[in-house]
> 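Take this structure first; my questions come after.
Here is the naming used below: chain letters follow the sequence lines, and residue numbers restart at 1 for every chain.
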Amino acid sequence: MRLLTHNMLSSNIKGVTNGFPLRIEVEKVVEKSVDFNPDFLKNMFAKIEYKALVEASRIMGYAELPDHAEPSMLESDDFLRKFHHALMELHLEEGTLVCPETGRRFPVNKGVPNMLLHEDEV
Amino acid sequence: MTSRPELKAPPEVFYNDEEARKYTSSSRIIEIQAQLSERALELLALPDDGVPKLLLDIGCGSGLSGETLTESGHQWIGFDISPSMLDVALEREAEGDLILGDMGQGLGVRPGVIDGAISISAVQWLCNADKSCHEPRKRLKSFFESLYRCLARGARAVFQVYPENLAQRELILGYAMRAGFAGGVVVDFPHSTKRRKEYLVLTCGPPSLSSATPKAKGEDEESCSDEESSGDEENQTVSISDRHRPRKKQKLNKKVKGREWVLRKKEQMRRKGNAVPLDTKYTARKRKAGF
């Protein structure tokens, strides 16, 4: 699961008001190379919760991404490459996503998070 | 169709390892899924600006439909309830991220971030009550509300569905409308039992020319791709449901408790044979506040 997807997911449990972002517990990270597409990145930048992305990338072991980002930084190729790497190329293969409010754990196996809720959580 | 998978078992049971493998190794199924996905993508009417979009593939299964999205250059996130199908998707090295989840529980995706959603042969599974705790209506509601929330303004959702009957299709469409979607149904090749395919085309955002339901295929053996030229209405086999219908406003003005209504109801009761007091000048008179 890429950080792009992690940045889109929120805990869906009944009664949770702020289920974003899910805390990441890493067991295994895999880096996969993805085609660099500046247009896509610029488009996504507006939708991404940047702070959550930075935190997540640090946990995954990538510390190059700057703490804060302005839209003007998108002109810099250097920043775009770092943004691309953090967003698209870091994969959580094994680990857990944790709901920030309830502490409920969603396991991640083979890169696939299991977001199935129990009956009482719906 | 002689027997529907939906009547045999819940999706995560029906699509077990064996079925998942069978499904994905059948070249016929692969071809059909590719065609359906291509058509769905076409109906999604994404802007032709060369910028990859972030799409959802709901009920992505073994990644057959996702492949079409990848081939068109888009990024996608797939949802499916069957671990066996997702395993096959992993084997086939699906490019999109896969999530094991139940669409009837809500998608859990942040508001306004998705550029479009497709679903091939999956949404009708929501209409089943596979577990005693399942309430199809609640699930339909959860699904459509969460989908509406996560779609960006002006984005579309296209679902290729196999509804069991008209009532099921209306049920699905009804919950979509209630969640705020506008849109309708496109039926390709409506007169051919074999080739007939239904697509729910739903839009988020203000109705405009681009959200008018696209032209269906097969009425005059011509295929269409550009639905901006929706001037030619002749061949449409669609129903357009617009949530801004003026009809709704009229309904609110109807006076339910007027004297006329009371007299009418009393007449009905008399015809039935009930004992009803006589109509006098006091009938349906406005009572003092004390009542």
> Non-hydrogen atoms of chain B under 4.5 Å away: do they reach the side chain of A:E49, the backbone, both or neither?
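Both parts, heavy atoms under 4.5 Å.
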
> Looking at B:N165, I'd like to know if its CG atom is crowded, meaning that more than 12 non-hydrogen atoms belonging to other residues, nucleotides or ligands lie closer than 6.0 Å.
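Yes, enclosed.
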
> Verify side chain to side chain contact (heavy atoms under 4.5 Å, CB included) between A:V112 and B:I99, making sure each step is shown before the conclusion.
CA-CA 5 Å; A:V112 180; B:I99 296 177; 5.7 Å; no

> Does CZ belonging to B:R92 count more than 12 external heavy atoms closer than 6.0 Å?
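Atom CZ in B:R92 is packed in, count exceeds 12.
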
> Do other residues, nucleotides or ligands put more than 12 heavy atoms under 6.0 Å from B:E31 CD?
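It does not: B:E31 CD has 12 such atoms or fewer within range.
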
> Which distance, rounded to the nearest 0.5 Å, do you find between the CE of A:M88 and the CD of B:Q75?
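It is 3.5 Å, given to the nearest 0.5 Å.
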
> Identify which part of B:E95 has an atom lying under 4.5 Å from any heavy atom of chain A, answering side chain, backbone, both or neither.
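When you check distances to chain A, only backbone atoms of B:E95 fall under 4.5 Å.
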
> With respect to chain B, which residue among A:M115, A:R2, A:K42 yields the maximal number of heavy-atom pairs within a distance under 4.5 Å?
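With the most close heavy-atom pairs to chain B, the winner is A:R2.
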
> Sort out for me which of A:L117, A:V122, A:N109 touches chain B most, counting heavy-atom pairs under 4.5 Å.
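Of the candidates given, the most pairs with chain B belong to A:L117.
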
> Counting C-beta onward and ignoring hydrogens, is there a side-chain heavy-atom pair between A:K110 and B:L86 closer than 4.5 Å?
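The answer is no, as the side chains (C-beta and beyond) never meet within the 4.5 Å cut-off.
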
> Relative to chain B, which segment of A:N37 carries a heavy atom at a distance below 4.5 Å: side chain, backbone, both, or neither?
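Only the side chain of A:N37 comes within 4.5 Å of chain B.
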
> Is the number of heavy atoms from other residues, nucleotides or ligands within 6.0 Å of CZ (B:R21) greater than 12?
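Count not over threshold, so no.
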
> Which residue out of A:L4, A:V34, A:N7 racks up the most heavy-atom pairs below 4.5 Å with chain B?
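Of the candidates given, the most pairs with chain B belong to A:N7.
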
> So for B:I77, is it side chain, backbone, both, or neither that comes closer than 4.5 Å to the heavy atoms of chain A?
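When you check distances to chain A, only side chain atoms of B:I77 fall under 4.5 Å.
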
> Nearest 0.5 Å, please: how far is CD in B:Q105 from NZ in A:K14?
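Nearest 0.5 Å value for the NZ-CD distance: 12.0 Å.
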
> Between B:D87 and chain A, with a heavy-atom cut-off of 4.5 Å, which part of the residue counts as in contact: side chain, backbone, both or neither?
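Just its side chain gets close to chain A.
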
> Mark yes or no for whether A:N43, through its side chain, and B:K53, through its backbone, hold a donor-acceptor pair below 3.5 Å.
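The answer is no, because no donor-acceptor pair under 3.5 Å joins these two groups.
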
> Looking at chain B, which one of A:L9, A:I13, A:D39, A:L116 has the largest number of heavy-atom pairs inside 4.5 Å, strictly under?
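Top count of heavy-atom pairs under 4.5 Å with chain B: A:L116.
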
> Donor-acceptor check, side chain of B:R110 to backbone of A:K47, threshold 3.5 angstrom: yes or no?
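Yes, the answer is positive, given that a donor and an acceptor are paired below the 3.5 Å cut-off.
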
> With respect to chain B, which residue among A:F40, A:F20, A:F106 yields the maximal number of heavy-atom pairs within a distance under 4.5 Å?
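Among the listed options, the one with the most contacts to chain B is A:F40.
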
> Roughly how far apart are B:L98 CG and A:M1 CE, rounded to 0.5 Å?
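Output value for this atom pair is 11.5 Å.
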
